[in-house]
Amino acid sequence: MSKPLLLILGDQLSLSLPTLRDAPPNAVVALCEVAEEARYVPHHLHKIGLFMAAMRHFAYTLRDKGYTVHYSRIDDADNTHSLIEEAERLAKQYGCDEIRVTRPGEWRLWNSMQQRQQAALPWQLLEDDRFFTTPDDFAHWAEGRKQLRLEYFYREQRKRTGLLMEGDAPIGGQWNYDHDNREPINASLSFPALPQHGQDHLTQQALKDAAHYFEGHMGSIETFNLPVTRRQALVDLNHFIEHGLADFGRYQDAISDREPFLYHSRLSAAMNIGLLSPFEVCEAAEAHYHAGKAPINAVEGFIRQILGWREYVRGLYWTQMPTYKQENRLNFTRDLPAFYWDAKTDMRCLQRAIQMTIDNSYAHHIQRLMVTGNFALLCGVKPEALCDWYLAVYADACEWVELPNTLGMVLHADGGLMGSKPYCASGKYIDKMSDHCQHCRYSPKEMTGPKACPFNSLYWHFLETNAEQLNRNPRMKLIYGSLARMKEEKREAIRQQAEHFLDQLSTSTSYGQPAHTQGYSTQETPS
Ligand code: FAD
Ligand code: DLZ
Ligand code: SF4
């Protein structure tokens with residue numbers, strides 16, 4: 001009888017995982033904490049702590065269920081600190097004759113594993129069915145289409161799953177209620193406070209280990225409050241359904257100067273590491289609608305993010321990699337501004353979005369897209385630098401979801417696969433959707449001069465410098481019309497304002513990754 005090593009990766013913490021299915025009684029399950037995965041980009045301490053704490057808890061759950069589990073800890077003397085090497089070392093140690101693993105969340109690992117399928121100790125790769133669709137389903141849907149668009153993919157998934165459907169028609173008569181979902185916040189709103197999760201000994205030790213071995217990475221474990229067990233994740237799910245969902249739609253695009261979570265679910269990290277399934281999350285939201293406790297615009301908007309966007313970006317990732325990661329259609333070359341690592345900027349919207357990221361390893365979608373993302377787009381930050389930042393700083397970041405959002409949606413570097421036009425906006429948009437500008441030293445109403453909001457001149461400068469690639473886009477026609485009608489004198493003043501700002505951005509002290517997060521190889525190696 002074959003004796004497999006069942007490798008479970010840090011984002012595969014689900015009892016329904018294909019790797020665990022049909023496991024023979026002699027199988028050895030392996031979970032491996034390895035320094036390489038925490039350092040290939042300088043992950044936020046909350047993210048490292050989350051993976052370590054959740055993996056340690058999951059190992060206990062598996063032992064309780066009767067599995068034989070080997071757990072490689074970060075401080076084990078014989079730990080090789082590489083996922084591939086560690087699995088092969090353990091397979092030999094336990095006399096296993098194959099390694100079984102479910103498709104990982106990153107192409108680089110998938111590629112290494114695939115290359116070993118015919119090795120003396122062969123790797124067997126299983127499809128991940130914890131999603132609504134597989135990469136093959138997506139490829140099949142995309143085949144022969146001139147343009148890939150979320151809306152059509154999403155409608156097909158609604159029909160396929162029956163979520164929010166009445167026979168063949170969408171409940172309420174419309175597929176999409178986005179026009180009801182654009183309200184800014186107002187001072188009278190109160191937001192649901194997140195559940196505070198207790199920290200048992202396992203969690204406390206995992207957080208201590210993260211802080212000890214990865215000292216200098218962004219964040220502090222003092223503010224850690226992510227769910228690390230399925231039970232805690234279910235508490236978060238139920239809390240969101242009861243207290244957040246009904247207002248999720250209306251305020252989905254709003255930004256607050258003081259509140260990081262608003263009516264967002266903050267369920268992405270738990271879903272991405274496998275503590276919650278997207279099926280149960282969507283079903284819980286749908287049931288709340290049928291119980292008359294949340295309006296259709298909120299429930300449809302929420303389900304679209306998971307059944308639509310989450311599946312769509314995953315399909316794009318697996319069908320476009322590895323070339324997708326090299327895309328840079330707007331030819332951006334700028335390094336990431338240093339303040340992305342420490343929030344030291346006088347632009348209030350950026351300062352708040354980055355500080356909230358440092359505090360919580362979280363920012364909601366509109367902060368990621370329209371504040372940090374929009375600014376990087378307007379400045380022409382190179383995709384590699386921006387993608388590494390998003391992958392490092394957010395607890396929910398796995399490359400299959402981070403890369404299409406950053407490279408595609410934010411930087412429009414894929415020529416429009418993710419979005420039909422770039423999400424570029426001036427200070428006027430941020431002023432409309434947030435209360436940041438009233439606390440800012442700049443004015444969103446001014447275009448030039450010392451008080452002018454940098455987003456304003458950068459916006460027109462971006463349109464002008466990328467006109468060759470963008471001005472034939474039908475969705476940009478209106479805005480290029482406005483640019484064409486602008487008097488040359490005004491255009492020149494805006495150009496100078498933007499270029500002066502960009503010069504300062506490139507010449508100020510250090511750009512790119514700050515010293516304390518560089519040179520991982522010289523850091524203490526856990527022993
Ligand atoms: P909610 O607003 O409550 O939305 C519900 C769920 O919908 C999320 O939990 C998530 O699973 C899903 N979802 C929403 N928007 C998207 C989207 N655009 N793509 C895929 N799923 C989506 N999401 C990640 O999970 N990991 C990432 O690494 C990631 N990187 C991003 C980088 C950029 C530049 C941008 C613009 C977006 C990124 N997103 C990422 C998508 C989105 O911002 C997060 O999923 C969301 O902010 C997580 O918070 P939440 O759980 O409160 O989401
Ligand atoms: C992000 C991360 C971190 C910080 N640590 C680990 C780890 O120690 N072990 C592990 O299996 N995975 C970790 N991960 C997630 C990986 O970088 C990678 O994204 C997934 O394993 C791919 O499925
Ligand atoms: Fe941001 Fe400009 Fe508003 Fe300041 S004025 S908060 S920089 S949009």
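Remember, predicted model here, so these are calculated numbers, not experimental data. Order of appearance sets the numbers: ligands from 1, and atoms from 1 within every ligand. The figures that follow rest on heavy atoms only: side chains count, while hydrogens, waters and symmetry mates do not.
Among the atoms of Asn272, some N or O lies under 3.5 angstrom from an N or O of ligand 1. For ligand 1, one of its N or O atoms has an N or O atom of Leu267 under 3.5 Å away. Considering backbone and side-chain atoms together, Glu106 places an N or O closer than 3.5 Å to an N or O of ligand 2.
Every atom of ligand 1 with a heavy atom of Arg266 under 4.0 Å away is listed here by number and element: 50 (P), 51 (O), 52 (O). Counting atoms of ligand 1 from 1 in the listed order, those under 4.0 Å from a heavy atom of Ala363 are 47 (O). Using a 4.0 Å cut-off to heavy atoms of Met271, the atoms of ligand 1 that qualify are 9 (O), 11 (O).
Distances under 2.8 Å from atom 4 (Fe) of ligand 3 pick out the protein N/O/S atoms Cys440 SG.
When the heavy-atom distances from atom 19 (N) of ligand 1 to Leu403, Asn405, Leu245 are ranked, the shortest goes to Asn405. Here the shortest heavy-atom distance to atom 3 (C) of ligand 2, taken over Trp400, Phe51, Trp110, belongs to Phe51.
Under the 4.0 Å criterion applied to side-chain N and carboxylate O atoms, Glu36 and Arg108 are not assigned as salt-bridge partners.
With a heavy-atom cut-off of 4.0 Å, Asp11 touches ligand 2 through its side chain alone.
For the pair Arg103 and Trp318, the cation sits on the ring face: its NZ or CZ lies under 6.0 Å from the ring centre, inside 45° of the axis. Judged by the 6.0 Å and 45° rule, Arg368 forms a cation-pi pair with Tyr394.
Ligand 2 does not have Glu399 within reach: every non-hydrogen atom of the residue lies 4.0 Å or more from it.
Pairs engaging residues 402-413 under the side chain to side chain donor-acceptor pair (under 3.5 Å) rule: Glu402-Thr406 [sequence neighbours left out].
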